[in-house]
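One structure below.
Keep in mind that the numbers below use all heavy atoms, side chains included, and drop hydrogens, waters and symmetry copies.
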Amino acid sequence: MKWLFCFPYAGGNSTFYKEFKTKLKSVNVQPFNYAGHSSRFCEPQYNNPEDVINDMINLILKKVQKDDVIFLLDINNKRWSGWATSSVI
């Protein structure tokens, strides 16, 4: 299975990636909202960077299975960056 996990830019939210779901039909697109933002507004915000990382990892591990292909996408200063892996522990 192919996954695309999308992380919003600072101050943004997952609606930026809304069209990805309709355009990329062969990929499971999973936009991410940070705690305290958008659909997760009522959740307390993170206290440190480790909380953000742990939240992202938990989201990914709930969705993927071993040997899934994942690609993480974030936009920073209007530049695209991504990371990919072919297996998940």
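Counting heavy atoms from C-beta outward, Ile60 and Trp3 have side chains that stay 4.5 Å or more apart.
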Between Phe5 and Val64, does the side chain to side chain contact (heavy atoms under 4.5 Å, CB included) criterion hold? Intermediate values first, please.
CA-CA 11 Å; Phe5 291 91; Val64 299; 3.8 Å; yes
Full working for side chain to side chain contact (heavy atoms under 4.5 Å, CB included) between Leu59 and Gln30
CA-CA 9 Å; Leu59 168 79; Gln30 179 65 57; 4.3 Å; yes
Tell me which donor-acceptor pairs under 3.5 Å the side chains of residues 19-28 have, and how far apart each pair is, sequence neighbours excluded?
residue, atom, partner, partner atom, Å
Thr22, OG1, Glu19, O, 2.9
Lys25, NZ, Thr22, O, 3.2

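Asp55 places no side-chain N or O within 3.5 Å of a backbone atom of Asp51 that could act as its donor or acceptor partner. Side-chain N or O atoms of Asn33 include one that pairs as donor or acceptor with a backbone N or O of Ser14 at under 3.5 Å.
Take Thr15 and apply the side chain to side chain donor-acceptor pair (under 3.5 Å) test, not counting sequence neighbours, and it matches Asn13.
Taken together through direct or relayed side-chain contacts under 4.5 Å among Ile, Leu, Val, Met, Phe, Trp and Tyr, Tyr46 and Phe41 form parts of separate hydrophobic clusters.
Scanning all heavy atoms of the two residues, the minimum distance from Ala35 to Glu43 falls at CB-OE1, 3.9 Å.
Residues Tyr34 and Phe32 bring their aromatic ring centres within 6.0 Å.
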